[in-house]
2 protein chains.
Amino acid sequence: MTATSLPSSTDESGCCPTTSPQAMGEAEALQAAQILKAVADPNRLRLLSIVKNGPSDGTCVCDLTGPLQLGQPTVSHHLKILVDSGLLAREKRGTWAYYTLVPHALQKAAELITEL
Amino acid sequence: MTATSLPSSTDESGCCPTTSPQAMGEAEALQAAQILKAVADPNRLRLLSIVKNGPSDGTCVCDLTGPLQLGQPTVSHHLKILVDSGLLAREKRGTWAYYTLVPHALQKAAELITEL
DNA sequence: TCCTTATATCGATGAATGTCAATCTACGTA
DNA sequence: TACGTAGATTGACATTCATCGATATAAGGA
């Protein structure tokens with residue numbers, strides 16, 4: 001994420017003016033895509049929705065496996081992706097694991113789209 | 001894949017209350033994920049960025065193949081995905097094709113994340 | 001200590017996806 | 001009409017990803 005400015009090939013063919021100077025760089029795009037990929041899955045969207053609309057002290061995994069009709073390992077896998085991308089936080093209380101939304105993470109993810 | 005409302009298993013184990021009632025449904029999640037998938041790719045993010053910061057009357061393909069260091073068929077393929085998902089509009093003028101942002105499409109895509 | 005329950009991890013598999021080379025279509029021009 | 005160029009389409013290939021069964025870990029209870 002250092003020099004994001006591109007060479008801006010001055011096309012001689014006469015079709016196009018020049019590459020716009022403030023276009024998103026390669027590294028920046030890669031990082032943004034990684035977070036957006038975490039959200040761009042129907043089952044993970046539903047997981048986020050359930051957690052968001054659930055109790056503020058967290059939603060446990062047993063409340064997530066039922067609605068999605070997926071196996072427990074699969075749900076755990078999706079939850080890991082959401083935690084690794086900074087969207088969900090995991091807290092273990094006793095035998096159970098509770099997931100909560102990371103405060104402004106969804107807002108920040110949305111801004112990756114609006115602030116191109 | 002017919003009845004999207006699930007039995008909402010009233011778990012007897014004492015761990016969890018019940019499935020939250022206003023969670024996103026299966027069909028809704030699938031549709032949202034389809035649009036978000038279109039955005040969740042580094043090269044497509046850069047395409048959107050270039051078009052957004054480009055001239056208001058559209059950016060032609062020859063201005064898009066250069067910065068991305070991808071072959072012309074690959075760029076065309078990504079552009080098709082963005083058009084099919086309603087984010088970009090294509091207009092052919094003469095030999096060239098010009099792409100523009102569909103007015104509030106990016107905003108709407110972002111709201112798919114914030115309004116879960 | 002043994003057993004049960006909740007969750008995570010591992011390995012395999014089939015499907016979806018990004019990329020390219022080759023080809024096709026449409027338009028402009030000599 | 002023939003040629004050159006811009007862009008889209010097709011088919012193939014490699015990679016990534018979602019899912020599952022089996023297993024591991026960890027905590028609580030008998």
Side-chain angles (χ1 to χ4, degrees), chain A residues 9 11-17 26 29-30 33-48 51 58-85 88-100, chain B residues 1 9 11-17 26 29-30 33-48 50-51 58-85 88-100:
Chain A
S9 61
D11 197 328
E12 300 284 347
S13 70
C15 145
C16 328
E26 186 178 353
L30 214 77
Q34 188 182 353
I35 294 180
L36 290 174
K37 263 185 214 295
V39 181
D41 177 273
N43 288 318
R44 290 197 286 271
L45 281 174
R46 298 185 72 191
L47 287 175
L48 289 170
V51 170
T59 306
C60 89
V61 179
C62 69
D63 245 357
L64 298 170
T65 47
L68 263 65
Q69 297 216 309
L70 290 176
Q72 174 266 320
T74 304
V75 172
S76 192
H77 171 243
H78 284 309
L79 288 169
K80 178 175 169 54
I81 290 175
L82 292 171
V83 169
D84 287 351
S85 58
L88 286 186
R90 190 182 99 106
E91 186 198 358
K92 189 149 192 186
R93 292 204 293 269
T95 314
W96 297 290
Y98 289 83
Y99 286 86
T100 52
Chain B
M1 254 190 269
S9 61
D11 197 327
E12 299 285 348
S13 69
C15 146
C16 330
E26 186 178 353
L30 214 76
Q34 188 182 352
I35 295 179
L36 290 174
K37 264 187 215 294
V39 180
D41 177 272
N43 288 317
R44 289 196 288 270
L45 281 174
R46 297 185 74 191
L47 287 174
L48 289 170
I50 294 172
V51 171
T59 307
C60 91
V61 179
C62 69
D63 244 357
L64 298 168
T65 46
L68 263 65
Q69 298 216 309
L70 290 176
Q72 175 266 319
T74 303
V75 172
S76 192
H77 170 242
H78 285 309
L79 288 170
K80 178 174 170 52
I81 289 175
L82 291 172
V83 169
D84 288 349
S85 57
L88 286 186
R90 190 182 99 105
E91 186 198 356
K92 190 151 191 183
R93 292 204 292 271
T95 314
W96 299 289
Y98 290 83
Y99 287 87
T100 52

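Labels below follow one simple rule: chain letters A, B, ... track the order of the sequence lines, proteins then strands, and each chain is numbered from 1. Keep in mind that the numbers below use all heavy atoms, side chains included, and drop hydrogens, waters and symmetry copies. Quantities reported herein were computed from a predicted structural model and do not represent experimental measurements.
Heavy-atom distances to DNA chain C give each of A:Thr95 and A:Lys80 a nearest nucleotide, and the one nearer the 5′ end belongs to A:Thr95.
Residues passing the salt bridge (Lys or Arg N to Asp or Glu O under 4.0 Å) test with A:Lys80, sequence neighbours excluded: A:Asp84.
Going from atom OH of A:Tyr98 over to atom C1' of D:dA27 covers 13 Å, rounded to whole Å. Per the geometry, CG belonging to B:Leu79 stands 10 Å off C1' belonging to D:dG7, to the nearest Å. Straight-line distance from the CH2 atom of B:Trp96 to the P atom of D:dG4: 17 Å, rounded to whole Å. Here the C1' atom of nucleotide C:dT7 and the CG atom of A:Leu88 are 15 Å apart, to the nearest Å.
Put simply, the side chain of A:Leu45 reaches to within 4.5 Å of the side chain of A:Val39, judged on heavy atoms. Within the 4.5 Å cutoff, the side chain of B:Thr74 has heavy atoms near those of the B:His78 side chain. For the pair B:Ser76/B:Val61, no side-chain contact is recorded, criterion being any heavy-atom separation below 4.5 Å from C-beta on. Side-chain contact between B:Tyr99 and B:Leu79 is present, with heavy atoms from C-beta onward closer than 4.5 Å.
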Query - Nucleotide-resolved protein contact map, nucleotides 14-24 of chain C, B/S/- at heavy-atom distance under 4.0 Å - result: ---SSBBBB--
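In terms of phosphate contacts, B:Tyr99 brings a side-chain nitrogen or oxygen within less than 4.0 Å of OP1 or OP2 of D:dA8. For B:Arg93, no side-chain nitrogen or oxygen approaches OP1 or OP2 of D:dA6 to under 4.0 Å. Dashed line: the shortest gap from a side-chain N or O of B:Arg90 to OP1 or OP2 of D:dG7 is not under 4.0 Å.
In A:Glu91, the CD atom is crowded: over 12 heavy atoms of neighbouring residues, nucleotides or ligands sit closer than 6.0 Å.
For the atom pair A:Leu82 CG and A:His77 NE2, the distance stands at 10.0 Å (nearest 0.5 Å). Going from atom CZ of A:Arg93 over to atom SG of A:Cys60 covers 9.5 Å, rounded to the nearest 0.5 Å.
The terminal axes of the helix from C:dT1-D:dA30 to C:dA30-D:dT1, fitted over 5 pairs per end, subtend an angle of 10° to the nearest 10°.
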